[in-house]
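We use all heavy atoms of the structure for the numbers below, so side chains are in, but hydrogens, waters and symmetry mates are not.
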Amino acid sequence: MKDTAQPWLEAPGDATESGVEVRAVARLFDEICGPPHLHTQVFACMMVDVTDEALGPVFKALADPTRRALLDRLRLRNGQTLSELCGSLEMARQSATQHLDLLAEANLVYVVRQGRERLHYLNPAPIHEIGERWIAAYDAPRLATISAIKHRAEEYAMTDSRASVPTYVYVTYIRASSEDVWRALTDADLTARYWGHANVSDWQPGSAWEHRRVDGSGVIDVTGTVLEAEPPTRLVITFEDSEDQRTNGPSVVTFLVEPHDAIVRLTVTHENLPNTDMLHGISRGWPAVLANLKSLLETGDVLPTAPWSMPEGSRA
């Protein structure tokens, strides 16, 4: 293992111009870098050879997982002794010494003597130069974006599959008042006209609501609870279309009614979906229902054909 001396701190005996400059540099290192044993790291970073030929040993040193592990240990806590590095990796001293020698030859590690101990310090400059040479030239911002997407995708993959089902949002603009839209959302007779189901409830927070068929069967296809009700602008309900108990709880639908002059913007948000099958179903259902609601409020009648009966993918 090669030691790093500090010749730049040893000024010549006579007060030559170069000696004054060296002492000035030494004082500057004291002010910026702290104790003298840290000067080696900073000076080493300044003296890195950035040619392709000089970086060859860096690539060779980084190719070995054990040497990368040693660098990781120094990154977590710099200035470790050989014994400390061996203990953290459960590695024989001889093996660790051989790996550290290669890292030192690649200028990735420097050794500073402190009494009888030899302290090992990470020199990140060569790795930085690799990034400058091979990454900055290839548009680092775009690579950073790709890396962020990769990490986010890995986070989704490591969590429950339900977390990967996106929230559904649909926005439509209706020529009507916010009071008319609120009444269309909560009046059982009106919902029966444009939805084919009567939405039945007193629409008070904590109350139940039912999505009841109007074909005479009385079948209830969806139930839920009113979570929030702020007439005529905001209604939040749970949407329970299955008797199965879902560990993540029921899905939640929010109706947001925003008036502006003679129109309103109606935003429907359906979140906490259990699977992609439900996402696919509501992606077809909500646009059809809201188109019928819009037609009823603007023309006084629903569409001539129930829009949800239209075959998927039809262009006729």
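- Leu235 and Val200 are members of different hydrophobic clusters when ILVMFWY side chains are connected at heavy-atom separations under 4.5 Å.
- Defined by atom type and a distance below 3.5 Å, a donor-acceptor pair is missing between the side-chain atoms of Thr299 and Asp301.
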*Apply side chain to side chain contact (heavy atoms under 4.5 Å, CB included) to the pair Leu227 and Ile237, showing each step before the final yes or no.*
CA-CA 5 Å; Leu227 300 179; Ile237 58 176; 6.0 Å; no
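- Nearest heavy atom pair, residue Ala61 against residue Ala106, reads CB-CB, 3.9 Å.
- For the pair Ala198 and Val214, the tightest heavy-atom approach, listed with the atom from each and the gap, is N-CG1, 3.8 Å.
- Taking the six-membered ring for Trp and thresholds of 30 and 60 degrees, Phe239 and Trp286 have ring planes inclined between 30 and 60 degrees apart.
- Residues Pro232 and Glu179 meet the side-chain proximity criterion, which asks for heavy atoms closer than 4.5 Å.
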*asked:* Is there a side chain to side chain contact (heavy atoms under 4.5 Å, CB included) between Tyr173 and Val264? Walk through the geometry before answering.
replied: CA-CA 6 Å; Tyr173 294 84; Val264 299; over 6 Å; no
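- For the atom pair Phe255 CZ and Thr267 OG1, the distance stands at 11.5 Å (nearest 0.5 Å).
- Side-chain contact between Glu271 and Thr254 is present, with heavy atoms from C-beta onward closer than 4.5 Å.
- Side chain to side chain, His211 and Asp221 fail the donor-acceptor criterion of an N or O pair below 3.5 Å.
- Checked against Arg183 for a side-chain hydrogen bond (donor to acceptor under 3.5 Å, both in side chains), the options Asp180, Thr186, Asp187 give a single hit: Asp180.
- Interatomic distance, Leu293 CG to Arg193 CZ, rounded to the nearest 0.5 Å: 11.0 Å.
- Ile282 and Val236 end up in different hydrophobic clusters when Ile, Leu, Val, Met, Phe, Trp and Tyr side chains are linked at under 4.5 Å.
- Of all non-hydrogen atoms in Pro250 and Asn272, the two that sit nearest each other are O-ND2, 2.9 Å.
- Here the CZ-CG distance, from Arg118 to Leu82, works out to 8.0 Å after rounding to the nearest 0.5 Å.
- Judged by distance alone, the side chain of Glu298 and the main-chain N or O of Arg175 form a donor-acceptor pair under 3.5 Å.
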*Please test Val58 against Leu108 for side chain to side chain contact (heavy atoms under 4.5 Å, CB included), starting from the C-alpha separation and ending with a verdict.*
CA-CA 7 Å; Val58 179; Leu108 289 164; 4.1 Å; yes
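- Side-chain contact between Asp101 and Leu103: absent, with no pair of heavy atoms (C-beta onward) separated by less than 4.5 Å.
- Val268 and Ile263 fall into different hydrophobic clusters, where Ile, Leu, Val, Met, Phe, Trp and Tyr are joined by side-chain heavy atoms under 4.5 Å apart, directly or via other members.
- Between the side chains of His99 and Arg67, at least one donor N or O lies within less than 3.5 Å of an accepting N or O.
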*Would Trp209 and Thr225 satisfy side chain to side chain contact (heavy atoms under 4.5 Å, CB included), going step by step from the backbone distance to the final call?*
CA-CA 6 Å; Trp209 76 279; Thr225 302; 5.7 Å; no
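- Leu256 and Val289 are not part of a single hydrophobic cluster, where members link through side-chain heavy atoms under 4.5 Å apart.
- Between Ala288 and Trp308 the shortest heavy-atom distance is CB-N, 3.7 Å.
- Although no hydrogens or angles enter the test, the distance criterion places no donor-acceptor pair under 3.5 Å between the side chain of Arg212 and the main chain of His197.
- Contact detail for Thr81 and His120: the closest heavy-atom pair is C-ND1, 3.9 Å.
- Paired with Ser251 under the rule side-chain hydrogen bond (donor to acceptor under 3.5 Å, both in side chains), one option of Arg246, His270, Glu240 passes, and it is His270.
- Between the SG atom of Cys86 and the CD atom of Gln94 there is a distance of 11.0 Å, given to the nearest 0.5 Å.
- How far OH of Tyr194 is from OG of Ser295: 12.5 Å, rounded to the nearest 0.5 Å.
- The backbone N or O of Gln204 sits less than 3.5 Å from a side-chain atom of Asp202, completing a donor-acceptor pair.
- Put simply, the side chain of Met278 reaches to within 4.5 Å of the side chain of Pro274, judged on heavy atoms.
- A side-chain contact (heavy atoms from CB on, under 4.5 Å) with Val109 holds for exactly one of Asn123, Leu70, Leu85, Leu71; it is Leu71.
- A heavy-atom distance below 4.5 Å is not found between the side chains of His260 and Arg265.
- Taken to the nearest 0.5 Å, the CG atom of Leu279 stands 13.0 Å off from the CZ atom of Arg284.
- Val181 is listed as a side-chain neighbour of Leu297, based on a closest heavy-atom distance under 4.5 Å.
- The main-chain N or O of Asn199 is found under 3.5 Å from a side-chain atom of Thr191 such that the two form a donor-acceptor pair.
- Leu62 and Leu102 fall into different hydrophobic clusters, where Ile, Leu, Val, Met, Phe, Trp and Tyr are joined by side-chain heavy atoms under 4.5 Å apart, directly or via other members.
- Between Val112 and Tyr121, the closest side-chain pair of non-hydrogen atoms falls below 4.5 Å.
- Here the closest non-hydrogen pair linking Gly224 and Thr238 is CA-OG1, 3.2 Å.
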